[in-house]
Amino acid sequence: MKEKIETLLRDTVSGLVADGLLPQIDPQGVSVSIPTNKEFGDFATNVAMVTASRAKKRPRDIAEIVKRSLETHSDLFERIEIAGPGFINISLNPALWVNELKDIVGQRENYGRSTYGAGKKVQVEFVSANPTGPLHIGHGRGAAVGDTLARILAAAGFAVEAEYYINDIGNQMNNLGLSVLVRYRELYGQTVPFPENGYQGDYIRDIALVMREIHGDALLAAEEPEAIGICREYAAETILQGIREDLALFNVHFDHWFGESSLYRDKKVEASLEALAREGLSYEEEGALWFRTSRFGDEKDRVLRKKDGSLTYFAPDIAYHKDKLDRGFAKIIDIWGADHHGYVPRMRAAIEALGASPDCFHALLIQLVSLVRDGSPVSMSTRSGEFVTLREIIDEVGKDVARYFFMMRRCDSQLVFDLDLAKKKSDENPVYYIQYAHARICSILKNAADQGLSPDTFAIDLSLLAAGEDLELIKTLATYPDTIVSAAADLEPHRIAFYLLDLATAFHRFYNRNRVITENVPLTMARLVLVDAVRQVLCNALALMGIGAPESM
RNA sequence: GCGCCUGUAGCUCAGUUGGAUAGAGCAACGGACUUCUAAUCCGUAGGUCGGAGGUUCGAAUCCUCUCAGGCGUACCA
C-alpha cells in the first residue's frame, strides 16, 4: 500500500515540477512514512520540508500546493492535512484498505510477492561449512538467515539461487583424514600422538569404526598418504551427508552445491591467477605470489601462493567468485561468520579486480551465537569437539522454534539462544504466540464451516469492516508486502520475524474484543473473510521463515 | 596500535531513506474466561537512546572525539 502512495506522490510532484510550481527535485527522494502517532493519519510525507530551501518558499506553502494537487483524487483520500513544520498527513479512504482483503484472499499464497527485483539474478551463498564435522549452533543461525533471505528475495521478485560452497580439498580435509586414521590405529592398540590440528569429536571415532568394518586391518599396512586419502574420502562423504540431512530437517534448501575441488579440476584457479597476472595485478616477492588488493582499498596486498608453493585459501576463492560473476549474478550475497569480517575488503577488491562493480558484492556478517541453559552459558569450542550441534538443538526445541530464535535479532547483533525459553510452551515464547494466532483462526473457520457458513468474498459487504479494530487489523495486513520489499532491499530478513509478532499481536487484540461468528450474518461473513486473510498472511510470512503453521495447538 | 560490530526501560531487544510525544516482550503491580482455543487480552509503572561536541527547520539515526564490551588484524581455512 505504501508503495502505491509513494508512486502517486512522485507522479504528483513530477507534475508540479513540470508546471513550474516546484523546483527540480529527484523523485526518488520523495518518500512516505507511516507516522508513529495514529492521529497523523495513515501516511505522512516530508516533501515540503525537504524541498523548502531549494524552492525558497516556506514548507507549509509548498505543502499547500502539494495538498491541493493530491486532492484532485478525491476518491482515494479521506483527509489530507498539513501539520507541524510542514508534514502532509494523509488518511486513505477506508474502502481502499478494505479492498486489500480481496487481494489477499484472491492471491492466497502469492500475496506479498512483488516484481521489485525485476527478475534480476541473485545468489545467496551460506553455511558453506567444511565437511569436517557436524553443523553447530553458529551454522544454524547462518542457515536460518540465509534460507529466509533467499526466500524473501524470491518473493520480492528476484531470481534467486541458494548455494553451498564445499571446501572439499586442502589442509583441513587432510587433517580430517589423518584424524580418522589415528583413531583407526588406536582401535588396533597402536598409540599414535594425536595430530595438533586434528578433529577430536566423537564422530571421528565413529567413522574410524566404520573404516575397520569396511577395510579390516588393511589400512595399517597401507602407505600413509593412501590410507589418509581413503579415510578422508569416506569421512568427507559421510559428514557431508549428515550435513545435508540436518539442513533438510531444518527446512533449509539449497539449489546448488559447489565443490571447491571442481575449481581445480576445471582449471579455473589457474585461469583466474593468470588473468590477474595479465592485468599486472599480481607480482612475485620473497618467493611468494602477491595480489595487489591494496590498489582496491585493502590495507595491504595479499598472498596468493605461499613460499612453499601451495595456494592460500584466498586463491581458489577468487576463482570461485569469478565463477559466480560468470554465471551472471547481478547481486552476490555471501553470508559469513562475523569473525571473517577482515576478509571482506580483500574479497571486495577481488570482485573489482575481476572487472565487476564492488557494489554487486554483499557480505552479510552474522554475529556470534551463545547458548544459555539453566541460566548459565554453555561453553563451546570447535577444536576440542565440545560444541552443541544444530541437530541437538533441533531435537531439543524443534525446528520451528530454532528457526525463529535464530531470526530474533539483527544479523549484526550477538544472539543469546536461551534453551529454557525456547522450550517454554507459554506466552513468553514468541513462536507459540504467533502459531497460536494461526491455530485460533483455523478453529474459527472450522466452526464456521460446521455451521454451514461459507463466505463468498466478492459477494460480501466488506465495508462493514471499514472502522475500528477491523480496520486496524486490515492496515497491519496491508504492510506485509512493504515489509518484504524493505527486508529484501536492505538484506534484513529479521524484519519478517518482527512483522509476524506485530500481526499476531494485532490479531489477538482483535480476537479478545470482537466475536467473529455472531447472529449478525453480514458482519459474520465479512469477518470470516478478514480472519481468513490474517490466517493467509501469517501462513505466508511463516513460510518465508521456513516455519510451520499448525491448525491446532 | 589499527579496523569492523554492538551500547536504547530492571532484563532481552525493535526503531524503514534523519521526522512529530522513542516502542514491544519479559520481570513488577492491578484487572478480564456461562461466549469462536486464557499458549490470550486490558490497565499501571518504568528512559540523560553510553558520554561530549558538531551538521540543520529537526538527530537514537549523519560527522568528529571519547568510554565500555565482542571480534578481527596470517605466506590459517
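Every value quoted in this text rests on a predicted model; they were computed, and no experiment measured them. Numbers restart at 1 for each chain; the letters A, B, ... are given by sequence-line order, proteins then strands. Note: hydrogens, waters and symmetry copies are ignored here, and every other heavy atom, side chains too, is used.
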Problem - P-based separation of B/rA60 from B/rG23 [nearest Å] - result: 12 Å
Exercise for the section: Give the nucleotide from the list B/rC76, B/rU35, B/rA20 with an atom nearest to the side chain of A/Thr36. Expected result: B/rA20
Practice task
Select base, sugar-phosphate, or nothing to describe what A/Asn89 touches, counting heavy atoms under 4.0 Å on all strands.
Solution key: base
Practice task
Please report, rounded to the nearest Å, how far the P atom of B/rA39 is from the CG atom of A/Leu500.
Solution key: 20 Å
Problem - Distance, P atom - from B/rU34 to B/rU17, rounded to whole angstrom - result: 48 Å
Practice task
Using a heavy-atom cut-off of under 4.0 Å over every strand shown, decide if A/Ser443 touches base, sugar-phosphate, or nothing.
Solution key: base
Handout entry: Side-chain ion pair, A/Asp420 and A/Lys424, N-O less than 4.0 Å
Key = no
Problem - Interatomic distance at P, B/rU40 relative to B/rG25, whole Å - result: 11 Å
Exercise for the section: Identify whether the distance between the nearest side-chain nitrogen and carboxylate oxygen of A/Arg373 and A/Glu396 falls below 4.0 Å. Expected result: yes
Handout entry: Nucleotide opposite B/rC65 in a Watson-Crick or G-U pair, distances under 3.5 Å
Key = B/rG51
Problem - Aromatic ring proximity, centroids under 6.0 angstrom, A/His438 and A/Phe507 - result: no
Problem - Mate of B/rU21 where both pairing distances stay under 3.5 Å, Watson-Crick or G-U - result: none
Problem - Qualifying residue, where the test is salt bridge (Lys or Arg N to Asp or Glu O under 4.0 Å) with A/Asp298 and the options are A/Arg302, A/Arg295, A/Lys300 - result: A/Arg302
Handout entry: A/Lys475 bridged to A/Asp42 by N-O distance under 4.0 Å
Key = yes
Exercise for the section: Give the rounded distance in Å between these two atoms: CG of A/Asn197 and P of B/rA74. Expected result: 18 Å
Practice task
Name the nucleic acid region contacted by A/Asn130, choosing base, sugar-phosphate or nothing; use a 4.0 angstrom heavy-atom cut-off, strictly under.
Solution key: sugar-phosphate
Exercise for the section: Give a yes or no on whether a donor-acceptor pair under 3.5 Å exists between the nucleobase atoms of B/rG72, that is its base, and the side chain of A/Asp339. Expected result: no
Problem - Check ion pair A/Lys306-A/Asp308 (N to O, under 4.0 angstrom) - result: no
Problem - Rounded P spacing from B/rU64 to B/rC2 in Å - result: 14 Å
Practice task
Answer with base, sugar-phosphate or nothing: what part of the nucleic acid does A/Tyr343 contact at a heavy-atom distance below 4.0 Å?
Solution key: base
Practice task
For A/Asn514, report the nucleic acid contact type (base, sugar-phosphate, nothing); a contact means any heavy atom under 4.0 Å.
Solution key: base
Practice task
May I ask which nucleotide in the shown strands pairs with B/rG58, Watson-Crick or G-U wobble, both distances under 3.5 Å?
Solution key: none
Problem - Sole residue of A/Trp290, A/Phe291, A/Tyr283 in side-chain contact (heavy atoms from CB on, under 4.5 Å) with A/Leu276 - result: A/Phe291
Please write out each protein N/O paired with an N/O of nucleotides 41-43 of chain B under 3.5 Å, distance rounded to 0.1 Å.
residue	atom	partner	partner atom	Å
B/rC41	OP1	A/Tyr433	OH	2.3
B/rC41	O4'	A/Asn512	ND2	2.9
B/rC42	OP1	A/Arg509	NE	2.7

Problem - Rounded C1' spacing from B/rG47 to B/rG15 in Å - result: 15 Å
Handout entry: Spacing between A/Leu304 atom CG and B/rA77 atom C1', to the nearest angstrom
Key = 15 Å
Practice task
Using the P atom as the reference point in each nucleotide, state the distance between B/rU16 and B/rA68 in Å, no decimals.
Solution key: 28 Å
Practice task
Quick one: label A/Ala489 by what it contacts on the DNA or RNA (base, sugar-phosphate, nothing), any heavy atom closer than 4.0 Å.
Solution key: nothing
Completion exercise
The nucleotide from B/rU16, B/rC75, B/rC36 with an atom nearest the side chain of A/Ile444 is B/rC36
Practice task
Examine A/Phe258 together with A/Tyr164 and report whether their ring centres are nearer than 6.0 Å.
Solution key: no
Problem - Anti/syn call for B/rC33, syn if |chi| within 90° - result: syn
Completion exercise
When rounded to whole Å, the CZ to C1' distance for the pair A/Phe43 and B/rU16 reads 13 Å
Practice task
Determine, for A/Lys324 against A/Glu163, whether the closest basic-nitrogen to carboxylate-oxygen distance falls under 4.0 angstrom.
Solution key: no
Exercise for the section: Find the partner of B/rA9: check Watson-Crick (N1-N3 plus N6-O4 or O6-N4) and G-U wobble (N1-O2, O6-N3) distances, both under 3.5 Å, and reply none if neither fits. Expected result: none
Exercise for the section: Pick the C1' atom in B/rC29 and in B/rA39, then give their distance to the nearest Å. Expected result: 23 Å
Handout entry: 5′-ward residue of the pair A/Leu368/A/Arg440 relative to RNA chain B
Key = A/Arg440
Exercise for the section: Round to a whole Å and report the spacing from CZ of A/Arg515 to C1' of B/rU37. Expected result: 12 Å
Problem - Nearest to side-chain heavy atoms of A/Tyr511, which nucleotide of B/rA20, B/rU37, B/rA77 - result: B/rU37
Exercise for the section: Classify the nucleic acid contact of A/Glu299 as base, sugar-phosphate or nothing, counting any heavy atom under 4.0 Å across all strands shown. Expected result: sugar-phosphate
Practice task
Determine, for A/Asp490 against A/Arg495, whether the closest basic-nitrogen to carboxylate-oxygen distance falls under 4.0 angstrom.
Solution key: yes
Practice task
Using a 4.0 Å heavy-atom cut-off, write out nucleotides 4-15 of chain B from 5' to 3' as B (base contacted by protein), S (sugar-phosphate only) or - (no contact).
Solution key: BSS-----SSSS
Completion exercise
When both distances are under 3.5 Å in a Watson-Crick or G-U wobble arrangement, the nucleotide paired with B/rG43 is B/rC29
Practice task
Sticking with atom P, work out how far B/rU56 lies from B/rC75, rounded to a whole angstrom.
Solution key: 45 Å
Handout entry: Who pairs with B/rG1 - Watson-Crick or G-U, where each distance is under 3.5 Å
Key = B/rU73
Exercise for the section: Calculate the interatomic distance between A/Met347 atom CE and B/rG3 atom P; express it in whole Å. Expected result: 24 Å
Exercise for the section: Determine the interplanar angle of the A/His494 and A/Phe498 rings, folded into 0 to 90°, and report it as parallel if under 30°, tilted if 30 to 60°, perpendicular if over 60°. Expected result: perpendicular
Problem - Whole-Å distance separating the CG atom of A/Leu503 from the C1' atom of B/rA24 - result: 15 Å
When the side chains of residues 441-449 of chain A are checked against the rest of the protein, which donor-acceptor pairs come out under 3.5 Å, sequence neighbours left out?
residue	atom	partner	partner atom	Å
A/Lys446	NZ	A/Asp450	OD2	3.4
A/Asn447	ND2	A/Ser443	O	3.4

